[in-house]
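Encoded as structure tokens, the structure appears first; notes follow it.
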Amino acid sequence: MKKRFLSKVLAVGMCVVVFLPLQAQQKTNKLPDWAFGGFVRPAGVNPVISPRENTTFQDPMSGKDVAWESNDTFNPAAAVKDGEVVVLYRAEDKFGVKIGYRTSRLGYAVSKDGLSFTRKDRPVFYPADDGQKDFEWPGGTEDPRVAVTEDGTYVMFYTQWNRKIARLGVATSKDLVHWDKHGPIFAKAKNAELIVDKFHKSASIVTEVKNDKQVIAKVNGKYWMYWGENGVFGATSDNLLDWEPVVDEQGALKAFISPRAGYFDSDLTECGPPAVLTDHGILLLYNGKNNPDRGDKRFNRGTYSAGQVLFDRNDPTKVIGRLDVPFLRPMEPFEKSGQYRDGTVFIEGLVYFGKKWYLYYGCADSKVGVAVYDPANPAQPDPLP
């Protein structure tokens, strides 16, 4: 195994070649040509969404008026509709004692410039007395990712949380406000017993840019998604609603990447926003958690930062590139204070808007931030400690 920190001098005739320690090489954190970034936090706009105390709605499950976004607003999906950016953000009320033990619902915010938002006072997606209540109550609907088909159907993958098992659910909409729930995505899979009643979350469907619009794509004739948090797995579909997990030769779920000891993603590799089909391959942006004991000591114990991995466009299970350090990490005060004080940038929303990429992320599980990548004028990624 190659050592991460190596300092060596080789003398060949009159030529001396110096190999710097990997940590020193990576101090500038230069991105490879296949990666997106750097992403810049626009000055004076973050956080773009924060909790509000004065917005209430009558919860259909409890029958009570609830201040549904009073405790935290975080982990957003994003999409473009009618020339505007719509962000669907996870919001928690004050009932319960900690994250995961409150009720989550999804709020709606819209922006003409991707930076300043107007919000609806009521959630647009939440647990209700419907066919999904056994999966979604009392924990709620969490951590959405949204993408759109070429015909304008928005497809949202989200976590159904009943405080027993987390499951991936899917819903569709034409306007991002009114949604049809279709239930757990693996319920009809041939290998459903492998996953449907086991903890699973975080789905990133493959998209592409066509005619300046980011839309859902197919890979080898099928819709394709990456999913998972303790490793990145895959699934395919013919209809966007019913998904088949990818398995190996032994019939077990197949992880394409996994957490790496000594790296920023040593504890978790959790899929982020919709993946993007590029000239280089299929680019997946993901969330890496730093293990307190076996992680990268340059980063805080338990911190969440953002990584990137590139898959072969013809074989979406094959890794052809992966960042060893994050391109976005907790640096601002609002990214290091809140429910998760070890520091968190948790990426879930990515949209192509005005020929730039807008990345929306949760800040310390408490607020929503935005960072922008301009391919015409690329910036540096976040510097390393």
_Measuring only between side-chain heavy atoms, which start at C-beta, is Arg163 closer than 4.5 Å to Pro138?_
yes

*Spacing of CG belonging to Asp248 relative to CD belonging to Gln250, to within rounding of 0.5 Å*: 4.5 Å

*asked:* Can you tell me how the ring of Tyr358 sits relative to the ring of Tyr360, calling it parallel under 30°, perpendicular over 60° and tilted otherwise?
replied: parallel

*State whether the number of non-hydrogen atoms from other residues, nucleotides or ligands found under 6.0 Å of Lys297 atom NZ is greater than 12.*
yes

*Kindly indicate whether the side chain of Trp161, heavy atoms from C-beta on, has any atom under 4.5 Å from the side chain of Ser104.*
no

*asked:* Below 30° counts as parallel, above 60° as perpendicular, anything between as tilted: where do the rings of Phe186 and His200 land?
replied: tilted

*Donor-acceptor pair, Asn291 side chain versus Arg294 backbone, under 3.5 Å?*
yes

*Under a 4.0 Å N-O cut-off, is there an ion pair linking Lys164 with Asp197?*
no

*Shortest non-hydrogen separation from Thr303 to Gly343 and the atoms involved*: OG1-O, 2.9 Å

*Quick one: does Arg301's side chain have a donor or acceptor within less than 3.5 Å of a partner on Pro292's backbone?*
yes

*Taking the side chain from Ser204 and the backbone from Pro273, do they hold a donor-acceptor pair closer than 3.5 Å?*
yes

_Heavy-atom donor-acceptor pair, Asn29 side chain to Pro326 backbone, under 3.5 Å_ = yes

*Does Arg90 pair with Asp72 as a salt bridge, N-O distance under 4.0 Å?*
no

*Could you tell me the separation between the CG atom of Leu285 and the CH2 atom of Trp357, rounded to the nearest 0.5 Å?*
9.5 Å

*What are the two closest heavy atoms between Thr141 and Tyr158, and how far apart are they?*
CG2-CE1, 3.7 Å

_How about OH on Tyr101, more than 12 heavy atoms from neighbouring residues, nucleotides or ligands closer than 6.0 Å, or not?_
no

*Compute whether any side-chain donor of one residue and acceptor of the other, for Asp365 and Tyr304, lie under 3.5 angstrom apart.*
no

*To the nearest 0.5 Å, how far apart are OG1 in Thr269 and CD1 in Ile257?*
4.5 Å

*Nearest 0.5 Å please: distance from the CH2 atom of Trp137 over to the CE atom of Met61.*
6.0 Å

*Exercise: do Asn75 and Asp143 side chains pair donor with acceptor under 3.5 Å*: yes

*Report the C-alpha distance between Val219 and Arg313 in whole Å, list the side-chain angles of each, state the deciding distance to 0.1 Å, and finish with yes or no for side-chain contact (heavy atoms from CB on, under 4.5 Å).*
CA-CA 7 Å; Val219 180; Arg313 60 185 296 133; over 6 Å; no

_Lys/Arg-Asp/Glu bridge criterion (N-O < 4.0 Å) met for Asp238, Lys222_ = yes

*Got a salt bridge between Glu270 and Lys289, using NZ or NE/NH1/NH2 to carboxylate O under 4.0 Å?*
no

_I'd like to check Pro259 versus Asn230 (side-chain heavy atoms, cut-off strictly below 4.5 Å). Are they in contact?_
yes

*What closest approach, in Å, do Gly272 and Asn287 show between heavy atoms, and which atom pair accounts for it?*
CA-ND2, 3.8 Å

*Do Val87 and Ile49 have side-chain heavy atoms sitting under 4.5 Å apart?*
yes

*Does one side chain, of Arg322 or Tyr286, offer a donor that lies under 3.5 Å from an acceptor on the other?*
yes

_Any carboxylate oxygen within less than 4.0 angstrom of a Lys/Arg side-chain nitrogen, looking at Lys181 and Asp130?_
yes

_Counting only heavy atoms not in Asp279 (residues, nucleotides, ligands), do more than 12 fall under 6.0 Å from its CG?_
no

*Does a side-chain heavy-atom distance below 4.5 Å link Asn162 with Arg167?*
yes

*Just one of Phe36, Phe264, Phe39 clears the ring-ring contact (aromatic ring centres under 6.0 Å, His included) bar with Phe327, so which one?*
Phe39

*So, Thr344 side chain and Phe346 main chain: donor-acceptor pair closer than 3.5 Å or not?*
no

*Could you walk me through whether Tyr223 and Leu241 pass the side-chain contact (heavy atoms from CB on, under 4.5 Å) check?*
CA-CA 10 Å; Tyr223 299 110; Leu241 305 180; over 6 Å; no

_Salt bridge or not between Asp374 and Lys355? Use side-chain N to carboxylate O under 4.0 Å._
no

*Chi angles and distances behind the salt bridge (charged side-chain N to carboxylate O under 4.0 Å, His left out) call for Arg105, Asp59*: CA-CA 10 Å; Arg105 303 169 181 89; Asp59 173 36; 3.6 Å; yes

*Taking atom types as modelled, is there a side-chain donor on Tyr126 or Glu136 under 3.5 Å from an acceptor on the other?*
no

*Establish, for the pair Lys120 and Tyr108, whether the NZ or CZ atom is under 6.0 angstrom from the six-membered ring centre and no further than 45 degrees off its axis.*
yes

_If I compare all heavy atoms of Glu348 with all of Pro274, which pair ends up nearest, and what's the gap?_
O-CD, 4.0 Å

*State plainly whether the residues Glu69 and Arg119 are in salt-bridge range, i.e. N to O under 4.0 Å.*
yes

*Which heavy atom of Ser237 sits nearest a heavy atom of Asp242, and at what distance?*
OG-O, 2.8 Å

*Among side-chain atoms of Thr207 and Gln214, is any donor-acceptor pair under 3.5 angstrom?*
yes

*Given the rule in the side-chain contact (heavy atoms from CB on, under 4.5 Å) test, do Tyr263 and Asp324 qualify, once you have shown the distances and angles that lead to the verdict?*
CA-CA 7 Å; Tyr263 290 80; Asp324 286 339; 3.6 Å; yes

*asked:* For Leu240, run the side-chain contact (heavy atoms from CB on, under 4.5 Å) check against Thr172, Thr153, Ile185, Thr149 and tell me which one passes.
replied: Thr149

*Give a yes or no on this: more than 12 heavy atoms of other residues, nucleotides or ligands lie within 6.0 Å of atom NZ of Lys112.*
no

*Out of Ile320, Val206, Asp315, which one pairs with Ile282 under the side-chain contact (heavy atoms from CB on, under 4.5 Å) rule?*
Val206

*In Å, rounded to the nearest 0.5 Å, how long is the span from CD1 of Ile216 to CD1 of Ile205?*
4.0 Å

*Do NZ/NE/NH1/NH2 and the carboxylate oxygens of Asp382 and Arg41 come within less than 4.0 Å?*
yes

*Does Arg145 use its side chain to pair, donor to acceptor, with the backbone of Val155 at less than 3.5 Å?*
no

*Calculate, to the nearest 0.5 Å, the distance between atoms CD and OG belonging to Glu332 and Ser337 respectively.*
11.0 Å

*Compare every heavy atom of Gln132 with every heavy atom of Gly183, then report the nearest pair and how far apart it is.*
CA-OE1, 3.1 Å

*Kindly indicate whether the side chain of Tyr226, heavy atoms from C-beta on, has any atom under 4.5 Å from the side chain of Phe311.*
yes

_Under a 3.5 Å distance rule, please check whether Asp312 uses its side chain to pair with a backbone N or O of Asn314 as donor and acceptor._
yes

*asked:* Pair Lys133, Gln160 - check side-chain contact (heavy atoms from CB on, under 4.5 Å), show working.
replied: CA-CA 9 Å; Lys133 64 182 179 181; Gln160 300 179 300; over 6 Å; no

*Could you tell me whether the side chain of Val319 reaches within less than 4.5 Å of the side chain of Val309, counting heavy atoms only?*
yes

*Please confirm whether the backbone N or O of Trp224 pairs with a side-chain atom of Thr236, one donor and one acceptor, at under 3.5 Å?*
no

*Flag the pair Ser266 / Arg260 as yes when at least one side-chain heavy-atom distance between them is below 4.5 Å, and no otherwise.*
no

